[in-house]
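One-based numbering along the sequence shown. Both backbone and side-chain heavy atoms feed into the values below; hydrogens, waters and symmetry mates do not.
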Amino acid sequence: MFNGLRGWQRRTWHDRSKAERVELQSVICWCASVWVFSLSWLVLPVAGDLRHRPLPLFLGGLLILVGVLQCLTANRLTRAALDHYLGRAALPASALSTAVALLVPALVLPLVLTATGGLDPWSARLALGGVMLPFGLVYGQVVPVRVFLRRSAVLALLLMAGVALAGGKAADAPVTGAMAAFAAGFSLLAARCGAWTLSVLWEAERAREVEARLAVAEERLRFGRDLHDVMGRNLAVIALKAELAVQLGRRGRPEAVEQMIEVQRLAQESQREVRAVVRGYREADLGAELAGAQGVLAAAGIPCTITGSAAGLPAPVQSALGWVVREAATNVLRHGDARQCTVSVRVADGRAELTVENDGVPETPPAGRPGSGLAGLRERLAELGGTLRAGPAGTGRFRLTARVPLPPGEQGEQDERDPRGAAVRDPRRRARRASDDRHPTTGDGRHAPDDGHHRPEDDPASSRTIPVSEVTP
């Protein structure tokens with residue numbers, strides 16, 4: 001039985017988004033308030049003050065029965081009325097026919113009981129308010145506010161006239177009108193304020209989705225712009241030199257070979273630049289990812305504590321651990337109902353270790369196919385010789401631990417960094433690295449000998465400009 005209750009709780013609460021949870025809570029409160037007011041304003045006063053005579057007992061029992069049917073009808077129409085207000089689905093006018101048919105006898109019976117002396121006037125007024133609230137909570141979401149107020153004023157005047165015709169005292173009619181105005185105003189505020197809050201919440205939810213899509217589109221545009229900047233000039237030069245080589249080749253000129261060598265060099269350079277762009281696009285900075293995860297979780301109402309720093313970690317290690325932080329933050333938001341999250345980064349025994357721990361994990365994991373996020377992280381860490389462990393860390397807690405070994409030459413190296421952990425590279429070191437890339441060295445630091453392959457950039461003739469007069473027929 002307990003497993004069934006947990007499964008029902010997971011389906012009705014944990015599997016819903018935050019906006020869906022707020023909407024479900026609002027609908028439950030509306031449905032419960034109908035019964036609370038009917039019990040306190042209708043059932044208890046009528047049952048306590050009803051005269052013990054056959055006619056009052058029959059009319060009082062009928063009034064209570066009509067009140068119960070009103071509550072059931074209001075509960076059935078609450079969700080449909082909310083969908084109508086939010087613009088999801090229109091509620092036809094015929095759907096309110098049952099509620100209107102029940103409202104009429106519910107308003108007439110207290111007046112009849114008062115006229116026949118079967119019910120105290122104060123109890124009759126409370127009963128009038130108790131039968132108006134179930135109808136008003138639904139009707140207030142269906143019609144405009146001005147229409148609701150006009151019709152409520154007309155109803156209050158009719159009730160005041162009915163009390164006067166029933167032989168009430170001079171003060172009974174104004175008090176009845178005040179009770180009708182209070183019931184109408186309270187039901188309007190309760191229905192409209194809650195529905196308006198939900199509409200703002202869903203609008204914000206849709207705005208976040210649009211913002212996320214725009215961010216993805218902006219990133220795609222940025223990536224396309226970078227590719228255009230990298231490849232545009234090189235492709236134009238390649239096309240020009242290839243055309244020049246064709247013209248030279250048709251005339252048997254030896255400069256055609258030199259131009260094709262230049263084309264080959266440009267193609268290889270373009271390939272390296274594209275790989276650099278893609279590598280920079282895929283890499284993730286650990287310091288930036290930690291700050292971003294903390295901001296996203298804080299915006300979702302989940303306090304996130306970060307200990308440690310990304311300073312001194314090599315770029316490949318930071319990229320791999322940055323992806324771990326992304327996936328961990330996504331899992332904290334999507335799974336469970338976390339109230340707290342802690343992230344720690346430390347270096348020990350020649351390894352960089354990242355730990356993410358959160359609470360609010362359901363005892364029974366949701367059914368369905370497991371996601372591919374953790375599997376992708378394991379593959380990414382395995383390329384660097386790292387490991388990933390994920391599993392429960394106590395009751396209702398989950399822990400994700402990633403360990404990546406540091407390269408022997410970089411375990412003691414510390415980059416100069418700003419307070420956020422972003423690397424500040426020394427220009428001289430970058431220049432030396434670029435020089436080493438152009439002139440490979442052996443293990444003892446000497447430049448490697450020539451391997452016999454011709455490098456176009458070392459041949460002055462490969463960059464010689466061919467006069468147009470030499471190729472013009």
Side-chain angles (χ1 to χ4, degrees), residues 30-78 96-140 142-143 148-191:
W30 283 328
C31 293
S33 62
V34 167
W35 292 97
V36 169
F37 279 102
S38 295
L39 178 64
S40 58
W41 285 18
L42 175 63
V43 176
L44 294 180
V46 170
D49 294 337
L50 195 64
R51 303 296 184 265
H52 294 281
R53 296 196 303 269
L55 181 60
L57 289 175
F58 172 76
L59 295 178
L62 183 60
L63 177 60
I64 293 175
L65 177 61
V66 172
V68 171
L69 294 177
Q70 272 193 307
C71 293
L72 294 175
T73 304
N75 290 166
R76 181 177 60 85
L77 294 175
T78 297
L96 297 175
S97 57
T98 303
V100 174
L102 291 173
L103 179 64
V104 173
L107 294 175
V108 172
L109 286 174
L111 299 178
V112 174
L113 285 171
T114 304
T116 58
L119 187 63
D120 184 75
W122 284 101
S123 299
R125 298 188 191 101
L126 288 176
L128 288 175
V131 298
M132 288 180 64
L133 279 169
F135 180 81
L137 286 174
V138 175
Y139 195 65
V142 177
V143 298
F148 183 89
L149 293 177
R150 286 199 303 266
R151 295 178 180 178
S152 298
V154 172
L155 180 61
L157 293 176
L158 292 177
L159 291 176
M160 293 171 62
V163 171
L165 293 176
K169 299 180 180 179
D172 290 343
V175 174
T176 302
M179 175 60 69
F182 173 78
F186 180 83
S187 60
L188 179 63
L189 287 177

Report summary line: In terms of heavy-atom contacts, M179 and R125 come closest through CG-O, 3.3 Å

Query raised in the report: Within the side chain of W30, is there an N or O that forms a donor-acceptor pair under 3.5 Å with the backbone of A190?
Result: yes

Query raised in the report: Any donor and acceptor pair, going by atom type alone, linking the side chain of S123 with main-chain N or O of L119 inside 3.5 Å?
Result: no

Requested in this report: Please examine the side chains of W35 and V68, heavy atoms only from C-beta on, and report whether any two atoms are closer than 4.5 Å.
Outcome: yes

Query raised in the report: Tell me, do L50 and L57 make a side-chain contact under 4.5 Å, heavy atoms counted?
Result: yes

Query raised in the report: Where is the tightest heavy-atom contact between P110 and P105, given as atom of each residue plus distance?
Result: CD-O, 4.5 Å

Report summary line: Taking every heavy atom of C71 against every heavy atom of V34, the minimum-distance pair comes out as SG-CG1, 3.4 Å

**Report entry** Spacing of L126 atom CG and D120 atom CG [to the nearest 0.5 Å]
**Finding:** 9.5 Å

Report task. Please round to the nearest 0.5 Å and tell me the distance separating atom CG of L103 and atom OH of Y139. Result -> 10.5 Å

Query raised in the report: Do P134 and T73 touch side chain to side chain, with heavy atoms closer than 4.5 Å?
Result: no

Query raised in the report: Can you check side chain to side chain contact (heavy atoms under 4.5 Å, CB included) on L111 and V163, steps first, answer last?
Result: CA-CA 7 Å; L111 299 178; V163 171; 3.6 Å; yes

Query raised in the report: Checking Q70 side chain against F135 main chain: does a donor-acceptor pair fall under 3.5 Å?
Result: no

**Report entry** Flag side-chain contact, heavy atom, 4.5 Å: L137 against L188
**Finding:** no

**Report entry** Least distance between heavy atoms, L39 atom then P45 atom
**Finding:** O-CD, 4.3 Å

Report summary line: Here the gap from L133 atom CG to S33 atom OG, rounded to the nearest 0.5 Å, amounts to 8.0 Å

Requested in this report: Would you name the heavy atoms of L77 and A99 that are closest together and state the gap between them?
Outcome: CD1-CB, 4.4 Å

Query - Residue pair S152 / F148, side-chain heavy-atom distance below 4.5 Å - result: yes

Report task. To the nearest 0.5 angstrom, please state how far the CZ atom of R76 sits from the OG1 atom of T98. Result -> 5.5 Å

Query raised in the report: Going by atom types alone, do D49 and W122 pair a side-chain donor with an acceptor below 3.5 Å?
Result: no

Report task. Show your working on side chain to side chain contact (heavy atoms under 4.5 Å, CB included) between M132 and L159 and close with a plain yes or no. Result -> CA-CA 12 Å; M132 288 180 64; L159 291 176; 4.2 Å; yes

Report summary line: Interatomic distance, CG@L59 vs CG@L109, rounded to 0.5 Å, equals 6.0 Å

Query - Reference residue L102; test side chain to side chain contact (heavy atoms under 4.5 Å, CB included); the match among L69, V131, L72 - result: L69

Query raised in the report: Closest approach of S187 and A184, non-hydrogen atoms and distance?
Result: OG-O, 2.9 Å

